[in-house]
Every structure is written in structure tokens, then in C-alpha cells.
Novice: 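What follows is a single structure, and I will ask about it in a moment.
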Amino acid sequence: MGLSAAATEELVGVLRAVGPASGCWTWWAGSGVPMTSGAVARHQVHEGAVHAFDAQLATGTPQPVPEVVALDGTAAFIEVAHGTAGPWPHRPARVGLHAAEGASWLIELTGSGARGADGSRGTAPTCTGRRAICCSCCIAASPWTVCAARGTVPSWRIF
């Protein structure tokens with residue numbers, strides 16, 4: 001733990017020293033997500049939450065991820081992971097995700113790649129007009145792995 005704590009302390013110190021707007025290298029170039037020290041700090045919060053939950057799950061004591069962290073982590077995953085996934089090789093589609101906590105996202109899958117539909121965050125997915133897959137899931141209270149373990153796998157609807 002000593003090495004991990006020292007590395008974390010060093011990272012936090014550097015991020016504080018340069019401020020949130022300082023440009024820096026990230027692995028998500030091309031996603032449209034800012035490549036700044038503030039974005040790295042945001043990503044580290046999500047990383048810490050996921051690894052803490054994994055450790056808790058391994059010991060049989062999983063705790064809910066704080067709602068604000070879970071919802072922001074979902075948004076960040078959509079922005080970064082789908083923004084760097086490359087072209088969608090199938091017919092264009094939409095995927096809507098709605099969290100039990102109220103937030104929703106709509107992802108457009110096209111030959112240009114996957115991107116969040118403009119203005120879709122925070123509203124119920126509108127999955128009409130095209131073939132789309134929508135799901136509902138509990139995000140903060142029970143992350144995906146716990147949803148599946150409890151038998152509450154998200155419900156998928158194809159429109």
C-alpha cells in the first residue's frame with residue numbers, strides 16, 4: 001500500500017500544481033473529451049471508485065458507488081470509450097441508456113463512429129425513427145456487476 005499511496009499523493013500534488021485547465025497527454029485523443037489535467041483528475045475518481053468496488057466485491061462487502069460519481073462515470077465512459085471506438089460497421093443505430101437515478105444518454109452509432117446524441121444527456125432516451133436499443137439499469141445503488149448478480153439484468157427494448 002505504501003507505493004500506491006505515494007503514487008497517488010504525487011499525482012494529486014501534480015494535478016493541483018498545474019490546475020485543471022493544463023493540457024496533458026491522455027489515452028483518449030480523438031474522443032472529443034478534453035485532454036486536460038482536470039479531465040485526468042475526473043478519470044482518476046472513476047478509476048478509484050471502480051477499483052474500490054471491485055475490492056469490496058471480492059471481500060463480500062460491496063458498497064454503493066456514490067451516485068454523483070457513478071452517473072458522471074457513466075457519462076465519461078460513454079464520451080471516452082465510444083468516442084475512441086472507431087467506425088460502427090453495421091447499419092446506423094441508437095442506443096439509449098437510462099439510469100434508475102434519473103439520468104439518460106443516447107448514443108448514435110454510425111460509420112463515423114459512436115457519439116452521444118446532441119442534447120441527449122439528462123433526458124429520457126428518445127429511441128424513435130430508427131432502429132434503436134434502449135435499456136434501463138441501476139447505476140449507483142448497484143453497479144452493473146451487482147445488477148447481474150442479483151438477477152436484475154437491464155431490460156433491453158429494440159425500437
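Bear in mind that the values here come from a model prediction, so they are computed numbers and not experimental data.
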Novice: For G60 versus P62, what's the shortest heavy-atom pair and its separation?
Specialist: C-CD, 3.3 Å
Novice: side-chain contact (heavy atoms from CB on, under 4.5 Å) with V50: which residues, sequence neighbours excluded?
Specialist: D54
Novice: Please list, chain by chain and in numerical order, all residues satisfying side chain to side chain donor-acceptor pair (under 3.5 Å) with H51, sequence neighbours excluded.
Specialist: E47
Novice: Supply the atom-to-atom distance H46 NE2 to T74 OG1, rounded to the nearest 0.5 angstrom.
Specialist: 8.5 Å
Novice: May I ask whether V68 and V65 are part of the same hydrophobic cluster, defined by side-chain heavy atoms of I, L, V, M, F, W, Y residues being less than 4.5 angstrom apart, directly or through others?
Specialist: yes
Novice: With sequence neighbours left out, write down each residue that passes side-chain contact (heavy atoms from CB on, under 4.5 Å) with T59, or none if nothing qualifies.
Specialist: T61
Novice: Would you compute the distance between atom CZ of F77 and atom NE2 of H43 and round it to the nearest 0.5 angstrom?
Specialist: 11.0 Å
Novice: Quick one, I107 and I78 - any side-chain contact, counting heavy atoms below 4.5 Å?
Specialist: yes
Novice: Give me each pair satisfying side chain to side chain donor-acceptor pair (under 3.5 Å) with a member in residues 22-37, each pair once, sequence neighbours excluded.
Specialist: T26-W28
Novice: Could you name each residue pair satisfying side chain to side chain donor-acceptor pair (under 3.5 Å) that touches residues 7-21, not counting sequence neighbours?
Specialist: none
Novice: In the structure I gave you, are the side-chain heavy atoms of V40 and C24 within less than 4.5 Å of one another anywhere?
Specialist: yes
Novice: Rounded to the nearest 0.5 Å, how far apart are CZ of R94 and CG of L109?
Specialist: 10.5 Å
Novice: Report whether W88 and V80 are members of the same hydrophobic cluster (ILVMFWY, side-chain heavy atoms less than 4.5 Å apart, transitive linking).
Specialist: no
Novice: Give a yes or no on whether L11 and M35 share a hydrophobic cluster (residues Ile, Leu, Val, Met, Phe, Trp, Tyr; joining criterion: side-chain heavy atoms under 4.5 Å apart).
Specialist: yes
Novice: Are V33 and W105 connected into the same hydrophobic cluster when the rule is that any two of I, L, V, M, F, W, Y join if their side-chain heavy atoms are below 4.5 Å apart?
Specialist: no
Novice: How close do E79 and R42 get, heavy atom to heavy atom, and via which atoms?
Specialist: OE1-NH1, 3.2 Å
